[in-house]
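Working notes for the structure below.
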Amino acid sequence: MAIENSRPVSVASILNNYKSKIVTADEAVKCIKSNDKILVHSNCAFPSQIVEAMVRRKDELEQVELYHALSVGELPYLRPGMEGHFIHNATFIGSNSREAVQDGRADFIPVFLSEVPLLFKSGKIKLDVALIHVSPPDEHGFCSYGVEVGLTKTGAETAGIIIAQVNKNMPRTLGDSFIHVSKINYMVESDEEIKELPQSNDVDPKMSNVYSRIGENIAGLIEDGSTLQLGIGAIPDAVLGYLYNKKALGIHTELFSDGVIGLVEAGIITNEMKTIHPGKIIAGFVLGTKKLYDFIHNNPLIEFHRQEYVNDPFIISKNYKMVAINSAIEVDLTGQVCSDSIGTKLFSGIGGQLDFIRGAARSEGGKPIIALPSTAKNNTISKIVPFLKQGAGVVTSRGDVHYVVTEFGVAQLFGKCVRERVKELVKIAHPDFKESLMKYAVDNKYV
Ligand code: COA
């Protein structure tokens, strides 16, 4: 006998509740007041429709502060004429906010990615409004934060008012990734395409050989059964291309992009050896294309979690053979790693680099890796340097650094004295700079 699928009585009322909250973007943003502090959904979940409506009200608003990490696409509140009306606080500087930060038209908060949500939870930054971008509610009334869960969920929960752009194109991602419709104050229906981040096929062809040699060198450090953290960009993608002969890899990472799909489909990323969350990819968000968004939609292979959990070094360290792969602007001969500025020019942010470098260092069999091309600007600048540029920001200290990888090889620095570090780093420097690096080291009694 067929069993009737009896749906809970509350479903109808949930949907009615949802319908009563639907307003236009212009109506929704009327609740925003001067001096409000506002969380904006980060990364590819940037809720453009609501933000545009808020910006249309600029003449009624003064000193509204906007908080988010990286975001993809133009930032309307940084357009000319917005000064005084809106202040952007970046917890990670992207290409769309870099000029404004460097010109003093936007602010930058240096913070570990693991601690961004805690700024809001602790009340250090008391949020008035959160602007989020979610999937439509399911039959139980839950909307998914979709492509960006980690940096937004905790903050939104602390905000006085939540305005959601509800979009059928937002993938329904699983894990600790939902908000119930009853918690949302205003819902703005949307069918815009979710923003995409072009993949590293766009890498400068002159650099592609360098990146692939770096990828090959890193792949040599990755053992079967390892769990990986991979950032975005040319280096992580180059590494992924060299992993097709590995077995039983896992992923625990702040973010991932399209490159993992092929390795999952080839049966290389199985997550079966993971010591926490076995069988699952764990992440805070994704940055990629529609192909990736289709892959993560309703996919039980992947669990999204809050960044304070995913990036907690103690959680990361519970993974067996945790390999963290991060990049840098420059590394000095003692092993100090600058990653967030070019001299005094603020460039990006601390991000999750040190969270994962520390987590991997404490993992059984773990390997924290800093990978970078040996030079910048067409081989005119060495990225292995005698000393960091004036004003450079150290993200990974010389106490934290373990492996440094360039296209010329692998330097293993952990536990080594400065004399040994110099030799290791000169070994992987570009040939044009080896002599001057060694001369500096000799002159300064490092060797
Ligand atoms: N001196 C002068 N300029 C330099 C330089 C140096 N030592 N190193 C890089 N640059 C320039 C490059 O020439 C390039 O300039 P261009 O845009 O005019 O071509 C620019 O800086 C960016 O360099 P690139 O090597 O392309 O950077 P990237 O996109 O690979 O990013 C980091 C590298 C370090 C900025 C990035 O990984 C980062 O922000 N890391 C910190 C946070 C982190 O690691 N998070 C965890 C993983 S996402």
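Start at 1 and go down the list; that is how both ligands and their atoms are numbered. Position 1 is the first residue of the sequence; numbering continues from there.
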Passes side-chain hydrogen bond (donor to acceptor under 3.5 Å, both in side chains), S339 versus N326? Steps please.
CA-CA 9 Å; S339 310; N326 292 278; over 6 Å; no

Which ligand 1 atoms, with their elements, are less than 4.0 angstrom from a heavy-atom of S348?
35 (C), 38 (C), 39 (O)

Any heavy atom of I235 sitting closer than 4.0 Å to ligand 1?
no

Has ligand 1 got any nitrogen or oxygen that is less than 3.5 angstrom from a nitrogen or oxygen of Q353?
yes

Counting each atom of ligand 1 from 1 as listed, which ones have a heavy atom of G349 under 4.0 Å away?
41 (C), 42 (C)

Evaluation steps, salt bridge (Lys or Arg N to Asp or Glu O under 4.0 Å), between K321 and E223
CA-CA 8 Å; K321 290 190 185 172; E223 297 169 32; 3.0 Å; yes

Side chain or backbone of F356 under 4.0 Å from ligand 1, or both, or neither, by non-hydrogen atoms?
neither

Close-contact set for ligand 1 against K377 heavy atoms, below 4.0 Å
13 (O), 15 (O), 16 (P), 18 (O)

For ligand 1, which atoms, with element, lie under 4.0 Å from some heavy atom of I342?
2 (C), 3 (N), 4 (C), 10 (N), 11 (C), 21 (O)

Considering only heavy atoms, which of Q229, K345, R98, E254 lies nearest to atom 48 (S) of ligand 1?
E254

One residue to check: L372. Relative to ligand 1, which of side chain, backbone, both or neither has a non-hydrogen atom less than 4.0 Å away?
neither

Is I329 in polar range of ligand 1, meaning some N or O pair under 3.5 Å apart?
yes

Does the D36 side chain pair with the main chain of I32, one donor and one acceptor, at a distance under 3.5 Å?
no

Using a 4.0 Å heavy-atom threshold (strictly under), name the region of A328 that reaches ligand 1: side chain, backbone, both or neither.
backbone

Please report the C-alpha distance between E65 and N89 in whole Å, then the side-chain angles of each, then the deciding distance to 0.1 Å, and finally whether the side-chain hydrogen bond (donor to acceptor under 3.5 Å, both in side chains) criterion is met.
CA-CA 7 Å; E65 295 199 57; N89 284 285; 2.9 Å; yes

Show the atoms of ligand 1 that are less than 4.0 angstrom away from any heavy atom in S339.
34 (C), 35 (C), 38 (C), 39 (O), 40 (N), 41 (C)

D340 touching ligand 1 at heavy-atom level, < 4.0 angstrom
no

Is there a donor-acceptor contact under 3.5 Å from the side chain of T375 to the main chain of S382?
no

Passes salt bridge (Lys or Arg N to Asp or Glu O under 4.0 Å), E157 versus R306? Steps please.
CA-CA 12 Å; E157 286 169 356; R306 299 165 196 259; 2.9 Å; yes

If the cut-off is 4.0 Å to any non-hydrogen atom of F92, which atoms of ligand 1 fall inside it?
39 (O), 42 (C)

Under 3.5 Å, side chain of S436 to main-chain N/O of F433, donor-acceptor pair present?
yes

Find all atoms of ligand 1 within a distance of less than 4.0 Å from any non-hydrogen atom belonging to G352, and give their numbers and elements.
45 (N), 46 (C)

Is there side-chain contact between K416 and E424, with heavy atoms separated by less than 4.5 Å?
yes

For the ring pair Y145 and F285, is the centre-to-centre distance below 6.0 Å?
no

